[in-house]
Amino acid sequence: QVQLVESGGGLVQAGGSLRLSCAASGRTFSSYVMAWFRQAPGKEREFVAAISWIGGSTYYADSVKGRFTISRDNAKNTSYLQMNSLKPEDTAVYYCAADRNRWGSTSPIDFNSWGQGTQVTVSS
C-alpha cells in the first residue's frame with residue numbers, strides 16, 4: 001500500500017476556489033490509480049474524481065463535472081484536485097485514495113489506500 005497525506009482544505013465563500021494536494025510515499029506512485037472522495041456529515045462517502053496511472057484519462061462525478069479538475073505529477077508523487085465555482089453543498093471532508101487496478105470504479109470499497117482527509121467548508 002501507499003501512504004497518502006492530503007492538504008489544502010479550508011474555508012471559502014461560495015463561488016471561490018481551492019486546490020487540494022495528495023502527497024504519496026514510495027517510488028511506485030505511477031502504479032496507482034488516484035482518486036478523490038468526499039464525505040459530508042451524516043452522509044456516505046461519495047466519489048468525486050479519478051485519474052489514470054500516467055494521467056492520460058480522468059472521470060468525474062456528475063455533481064462536480066466542469067467545476068473540478070483532477071491531475072497528477074508523478075515526478076512529485078502528488079495528485080491534485082482543483083475545485084472552482086464551489087458551492088455550499090461541496091462542504092465535506094475530502095479524501096485521497098489509491099489503488100493499483102481499480103480504473104473505472106466509483107466505489108470506496110475498491111480503493112485500498114486512504115489519506116486522513118482534509119476539511120473543505122464552503123459558506124453561502
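The analysis underlying the following values was restricted to heavy atoms, covering all of them including side chains, and did not include hydrogens, waters or symmetry mates.
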Could you tell me whether Arg19 sits above the aromatic face of Tyr80, with NZ or CZ closer than 6.0 angstrom to the six-membered ring centre and within 45 degrees of the axis? yes
Full working for side chain to side chain contact (heavy atoms under 4.5 Å, CB included) between Gln119 and Thr91: CA-CA 8 Å; Gln119 177 70 47; Thr91 295; 4.0 Å; yes
Main-chain N/O of Ser105 paired with Tyr59 side-chain donor or acceptor, under 3.5 Å
yes
Note to self: Looking at Asp90 and Ala14, would you say the former's side chain and the latter's main chain have a donor-acceptor pair under 3.5 Å?
What the structure shows: no
Classify the angle between the aromatic ring planes of Tyr94 and Phe68 as parallel (below 30°), tilted (30 to 60°) or perpendicular (above 60°). tilted
Quick check: does any side chain N or O of Arg45 sit under 3.5 Å from a backbone N or O of Tyr95, one acting as donor and the other as acceptor?
no
- Taking the side chain as every heavy atom from C-beta outward, state whether Glu6 and Gln116 have any pair of such atoms under 4.5 Å apart. yes
Next on the checklist: Is there a path of hydrophobic side-chain contacts, each under 4.5 Å between heavy atoms, that joins Trp36 and Tyr32?
Outcome noted: yes
Flag side-chain contact, heavy atom, 4.5 Å: Val48 against Arg38 = yes
Please walk me through it: do Lys65 and Asp62 pass salt bridge (Lys or Arg N to Asp or Glu O under 4.0 Å)? CA-CA 5 Å; Lys65 203 171 293 183; Asp62 287 343; 3.1 Å; yes
Is a donor on one side and an acceptor on the other found under 3.5 Å between the side chain of Tyr60 and the backbone of Gly66? no
message = I'd like to know if the side chain of Ser25 and the backbone of Gln3 have a donor-acceptor N/O pair within less than 3.5 Å.
response = yes
Are there more than 12 heavy atoms of other residues, nucleotides or ligands under 6.0 Å from atom CZ of Arg102? no
_According to a hydrophobic-cluster definition based on side-chain heavy atoms being under 4.5 Å apart (Ile, Leu, Val, Met, Phe, Trp, Tyr only), do Val33 and Val64 belong together?_
no
Margin query: For Ser85, is there any backbone N or O sitting under 3.5 Å from a side-chain donor or acceptor partner on Arg67?
Written below: yes
With hydrophobic residues grouped by side-chain heavy-atom distances under 4.5 Å, do Ile70 and Val120 end up in a single group?
-> yes
Can you classify the ring geometry of Phe37 versus Trp114 as parallel (below 30°), tilted (30 to 60°) or perpendicular (above 60°)?
tilted
